[in-house]
Each structure stands twice: as C-alpha cells, then as structure tokens.
There are 2 protein chains.
Amino acid sequence: MEKHSNPINSTELGQVVSSCACFNLRKASRVVTQHFDEILKPSGLLITQFTILVAIARVKSGTINELAEVLVMDRTTLTRNLKPLEREKWLEIELGQDKRTRIIKLTSTGEIALTKAFPLWQQAQNGVVEFLGESRWSTLLLQLAEVTEIHHSR
Amino acid sequence: MEKHSNPINSTELGQVVSSCACFNLRKASRVVTQHFDEILKPSGLLITQFTILVAIARVKSGTINELAEVLVMDRTTLTRNLKPLEREKWLEIELGQDKRTRIIKLTSTGEIALTKAFPLWQQAQNGVVEFLGESRWSTLLLQLAEVTEIHHSR
DNA sequence: TCGAAACGAGTGCATATACACTTAATTCAT
DNA sequence: ATGAATTAAGTGTATATGCACTCGTTTCGA
C-alpha cells in the first residue's frame with residue numbers, strides 16, 4: 001500500500017516542476033527582482049532596499065519589530081538588511097524610550113535617495129503591469145495577497 | 001515640471017507597499033517558502049534543495065548551464081546551491097566529454113531522499129491549493145508563469 | 001594550424017533570508 | 001519590592017541569490 005516506497009515516477013517529477021507553489025513563486029521572484037534591480041540601478045538602491053526605505057518613510061519611525069511586521073519579514077532578517085542602509089546613512093537607528101527597542105528613522109539623505117528612486121520604481125512597476133495587462137496584473141496582485149495569508153493559518 | 005523634486009507623498013508611499021510587483025512577490029515567496037520548509041523538515045531537505053533534486057531527476061543528467069536554464073536561476077547561484085547537496089551525497093558532479101562542462105547526476109541516496117520527501121511536498125502543496133481553492137490556485141499559477149516570461153522580453 | 005573569439009564553469013564579493021540561541025530590559029504577580 | 005516571566009533585539013550559522021571577473025577549453029576563421 002505504500003505509494004512511495006518506489007522511486008518517484010516521471011509524471012510526479014513533472015508535476016513538481018510545473019505546479020510547485022514555492023518553486024514557481026521563487027522563480028517569478030527571481031525574474032521580477034532582476035527586472036526591478038536593473039531599472040533601479042541608477043538610483044544606487046536595490047529593490048529590496050527601496051522597499052524597506054518606503055516602509056520606514058510610511059510609518060515615519062518604528063521599532064524593528066514593527067517594521068518587520070509591516071514587511072512580513074523575519075525580524076532578524078530585517079536587522080541585517082538595515083546594515084547597508086545605515087552604512088549609506090539613508091537611515092538612523094536610535095534607542096527608544098523603552099531601552100530594549102531601537103527606533104528606525106529615515107534621514108534626509110534617505111528621503112532624497114527615495115525621491116530619486118521613485119520614478120524608476122514607477123517605470124519598473126509599469127513595465128510589469130503593461131507586460132501582463134491591467135486585468136491579469138490586478139488578479140495576480142490579489143492572489144499574491146491571498147496566498148500570503150497562509151502564514152496566519154498556522 | 002519635475003514631478004518628483006519634492007519628497008514622495010504619503011499616497012505614493014502607500015502605493016508602493018500595496019502594489020509593488022516585486023515586494024508582493026518576494027513577500028509571498030517568503031511566506032510560502034516557510035510553509036514548505038516547515039512541512040519538509042522531517043525529510044532533511046529544504047524546498048529549494050528538493051526542487052533542484054527534482055530538476056536533476058527529471059533530466060537524468062545535465063550540465064550546470066542546462067540545469068540553470070530549467071530552473072530559471074543564475075548559473076553561479078546553482079553552482080553554489082549544489083554544494084550542500086553534493087556534501088550530503090545526494091548528487092554527483094563529474095567531468096563531461098567536453099572538459100569545460102560538469103555533468104550533474106542524482107545518486108541513489110538522492111533518489112531515496114527524494115522519494116521520502118515527495119509525500120511531504122504533496123502535503124505542503126495541497127495545503128496551499130486547499131487554502132486558496134482550486135480555481136484561485138490555478139489562476140495564480142498561470143499568472144506566475146506569465147510574469148516570469150518578462151525576463152525573455154529584454 | 002594557429003590564434004582569436006566564444007563558451008562553460010568557478011570565485012570574490014555583497015546582499016537576502018531565517019532558525020536557534022543569547023542578552024538585556026521591562027512587566028507582573030506575589 | 002523583588003524575582004520570574006515576558007519581551008526586544010543581536011549574533012552564530014547556514015543557505016540563497018546574482019553581478020563582475022577570471023580561467024581553462026573548445027571552436028572556428030584566416
């Protein structure tokens with residue numbers, strides 16, 4: 001009765017490649033990340049860094065935990081991702097009232113970098129939307145939001 | 001006429017977070033990767049490693065370049081990702097006829113690891129499909145395939 | 001046939017990602 | 001008020017990702 005005491009067959013292997021939710025998401029991420037990084041290059045920002053700066057600008061200032069929550073990113077990942085941004089002086093990290101916390105703030109240099117990068121982001125974003133078409137794009141965005149919710153169901 | 005000589009406004013910032021193709025893809029990837037890794041844990045394989053082994057099993061044997069093509073992954077990324085798999089003896093890398101190439105082959109140990117991991121992959125995959133529902137899932141898979149095509153249009 | 005161009009793969013470097021564990025500060029119950 | 005439980009954040013370690021550059025091999029044209 002053990003269905004998989006025998007080696008995986010060719011059909012099953014094909015199934016994984018063609019339909020694995022994780023592989024196909026990661027693959028699309030790789031491709032789209034390269035698309036954005038390519039266009040953002042003149043700004044000196046990677047798309048991942050641009051995103052973090054935007055998140056900081058939105059909340060004005062916040063703790064690591066708060067930012068990680070917004071970005072749906074592991075706290076320790078965020079801590080390390082802040083390092084290059086701090087080095088470039090795009091953000092500042094200061095002690096909070098509660099001395100366990102660190103408050104992240106955008107600097108004026110960071111604000112300028114963000115302002116310069118924004119039109120490039122728009123260009124890259126438009127590239128994707130135009131490539132897919134408005135309708136398919138809005139569907140994709142919706143499904144991405146839904147699949148992301150799977151992490152609350154644990 | 002310079003639209004963005006002024007700082008980005010709050011509406012624009014919100015736009016990025018809610019609609020950036022790259023951020024939303026990467027966010028979904030992070031969440032779904034954790035979902036798969038969690039369920040695959042007993043197999044000792046990460047989902048990224050499982051995917052690579054499947055790709056190798058499918059083509060029986062192939063060069064780094066061929067595999068990277070299939071996986072839509074940078075060649076140098078693949079080279080490094082093979083390292084832990086080689087260390088665990090799940091695959092072998094031998095010299096090709098053309099001595100510039102390396103031929104990647106699954107070992108019998110790798111075959112066994114794959115066979116054990118497959119039901120877990122199915123479980124994780126079914127989790128996603130059931131969470132979204134068949135219809136939304138198939139739509140998502142389709143749109144992911146389409147957006148991935150953006151890398152040919154360069 | 002020989003030298004240049006093309007090609008396959010590896011390495012240096014930088015960044016992204018997250019789990020397990022640790023440390024320091026705060027909160028809260030007794 | 002004090003000690004235990006909780007909380008915020010950093011660090012060790014491992015993997016993932018890709019660009020720029022290098023090195024060795026093959027191919028191909030003069």
Side-chain angles (χ1 to χ4, degrees), chain A residues 22-23 25-38 40-41 44-53 55 62-69 71-88 90 93-104 151 154, chain B residues 22-23 25-38 40-41 44-53 55 62-69 71-88 90 93-104 151 154:
Chain A
C22 195
F23 170 56
L25 264 169
R26 292 182 70 93
K27 182 154 55 97
S29 286
R30 285 194 293 269
V31 166
V32 170
T33 297
Q34 281 174 67
H35 168 75
F36 274 78
D37 279 345
E38 170 84 18
L40 277 179
K41 189 172 281 183
L45 285 168
L46 299 172
I47 182 59
T48 46
Q49 303 176 328
F50 176 78
T51 304
I52 291 174
L53 291 186
T63 65
I64 306 260
N65 271 343
E66 286 164 1
L67 271 174
E69 179 86 14
L71 293 164
V72 190
M73 178 180 288
D74 189 273
R75 180 185 54 75
T76 67
T77 299
L78 181 58
T79 295
R80 289 174 215 264
N81 287 359
L82 293 178
K83 286 282 156 63
L85 304 177
E86 196 183 8
R87 186 184 348 108
E88 299 295 329
W90 289 324
I93 306 181
E94 51 190 55
L95 272 158
Q97 201 75 43
D98 179 339
K99 277 185 244 163
R100 288 171 303 180
T101 65
R102 304 282 181 277
I103 309 296
I104 320 296
H151 91 298
R154 294 199 287 176
Chain B
C22 195
F23 170 56
L25 264 169
R26 292 182 70 93
K27 183 155 55 95
S29 286
R30 285 193 293 269
V31 166
V32 171
T33 298
Q34 280 174 65
H35 167 75
F36 275 76
D37 279 345
E38 170 85 18
L40 276 179
K41 189 171 280 183
L45 285 169
L46 298 173
I47 181 60
T48 46
Q49 303 177 327
F50 176 78
T51 304
I52 291 174
L53 291 186
T63 66
I64 305 262
N65 271 344
E66 287 164 0
L67 272 174
E69 178 86 14
L71 293 164
V72 190
M73 179 180 288
D74 189 272
R75 180 185 54 74
T76 67
T77 299
L78 180 57
T79 295
R80 290 175 215 264
N81 288 358
L82 293 179
K83 286 282 155 64
L85 305 176
E86 197 183 7
R87 186 184 347 108
E88 299 294 328
W90 289 323
I93 306 181
E94 51 189 55
L95 272 157
Q97 202 74 43
D98 180 339
K99 278 186 248 166
R100 288 172 302 181
T101 63
R102 304 281 181 278
I103 310 296
I104 321 294
H151 92 298
R154 294 199 288 177

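Model, not experiment: these values are computed from the prediction. Chain naming here is simple, since letters A, B, ... match the order of the sequence lines and numbering starts at 1 in each.
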Original post:
A:I64: what forms a side-chain contact (heavy atoms from CB on, under 4.5 Å) with it, not counting sequence neighbours?
Top reply: A:R75, A:L78, A:T79, A:L82, A:R102, A:I104
Original post:
Is any side-chain N or O of A:R30 closer than 4.0 Å to OP1 or OP2 of C:dA16?
Top reply: no
**OP:** Round to the nearest Å and state the distance from B:D74 atom CG to C:dG10 atom P.
**Re:** 12 Å
All N/O contacts under 3.5 Å from nucleotides 4-7 of chain C to the protein, with atom names and distances to one decimal?
unit_1: C:dC7; atom_1: O2; unit_2: B:R100; atom_2: NH1; d: 3.0

Original post:
Between A:E66 (CD) and D:dT7 (P), how many Å, whole number?
Top reply: 15 Å
Original post:
Counting just side-chain N and O atoms, does A:T48 come under 4.0 Å of either OP1 or OP2 of C:dA16?
Top reply: yes
Original post:
Once you round it to whole Å, what is the distance between C1' of D:dA16 and CG of B:L46?
Top reply: 10 Å
Original post:
NA contact type, B:T101, heavy-atom cut-off 4.0 Å: base, sugar-phosphate, or nothing?
Top reply: sugar-phosphate
Original post:
Would one find more than 12 heavy atoms of other residues, nucleotides or ligands at under 6.0 Å from atom CD of B:E69?
Top reply: no
Subject >> Any donor-acceptor N or O pair under 3.5 Å, side chains B:R26, A:T48 >> reply: no
Original post:
Can any side-chain N or O of A:E66 pair as donor or acceptor with the backbone N or O of A:T63 at less than 3.5 Å?
Top reply: yes
Original post:
Taking for each residue the nucleotide of DNA chain C bearing the nearest heavy atom, is the 5' side occupied by A:K99 or by A:V72?
Top reply: A:V72
Original post:
To the nearest angstrom, how far is B:L78 atom CG from D:dT15 atom P?
Top reply: 15 Å
Subject >> Heavy-atom donor-acceptor pair, B:R30 side chain to A:M73 backbone, under 3.5 Å >> reply: no
Original post:
Distance check: side-chain N/O of A:T79 vs OP1/OP2 of D:dA9, anything under 4.0 Å?
Top reply: no
Subject >> Euclidean distance, atom CD of residue A:E69 to atom P of D:dA8 [Å, nearest integer] >> reply: 11 Å
**OP:** Hey, which sits more toward the 5' end of DNA chain D by its nearest nucleotide, B:E88 or A:K83?
**Re:** A:K83
Original post:
Just checking B:N81: base, sugar-phosphate only, or nothing, at a heavy-atom cut-off of under 4.0 Å?
Top reply: base
**OP:** Would you classify A:T63 as touching base, sugar-phosphate or nothing, given that sugar-phosphate means primed atoms plus P, OP1 and OP2, and contacts are heavy atoms under 4.0 Å?
**Re:** sugar-phosphate
Original post:
Considering heavy-atom distances to DNA chain C, does B:I103 or A:T77 have its closest nucleotide positioned more toward the 5' end?
Top reply: B:I103
Original post:
To the nearest angstrom, how far is A:I93 atom CD1 from D:dA8 atom P?
Top reply: 17 Å
Original post:
Got a donor-acceptor pair under 3.5 Å from the side chain of B:R80 to the base of D:dG18?
Top reply: yes
Original post:
When the nearest nucleotide of DNA chain D is assigned to A:T76 and to A:D98 on a heavy-atom basis, which residue is associated with the more 5' position?
Top reply: A:D98
Subject >> B:P84 side chain, from C-beta outward: closest of D:dA9, C:dA20, D:dA16 >> reply: D:dA16
Original post:
Would A:L45 and A:W90 count as a side chain to side chain contact (heavy atoms under 4.5 Å, CB included) if you check the C-alpha gap in whole Å, the side-chain angles of each, and the deciding distance to 0.1 Å?
Top reply: CA-CA 10 Å; A:L45 285 168; A:W90 289 324; 3.4 Å; yes
**OP:** Could you tell me whether the side chain of A:R75 has a donor or acceptor atom within less than 3.5 Å of a complementary atom in the base of D:dG10?
**Re:** yes
Subject >> Side-chain heavy-atom pair B:L71, A:F23 within 4.5 angstrom cut-off >> reply: yes
Subject >> Shortest non-hydrogen separation from A:T51 to A:I47 and the atoms involved >> reply: OG1-O, 2.7 Å
Original post:
So, is A:Q97 near the phosphate of C:dA25, with a side-chain N or O under 4.0 Å from OP1 or OP2?
Top reply: no
Subject >> Which nucleotide in C:dG10, C:dA18, D:dT15 has an atom nearest any side-chain atom of B:Q49 >> reply: D:dT15
**OP:** Ignoring backbone atoms, establish whether A:R102 has a side-chain N or O less than 4.0 Å from OP1 or OP2 of D:dG10.
**Re:** yes
Original post:
If you check the A:M73 side chain, which of C:dA20, C:dT17, D:dT15 turns out closest?
Top reply: C:dT17
**OP:** Could you state the atom-to-atom distance from CD1 of A:I104 to C1' of D:dA8 in whole Å?
**Re:** 12 Å
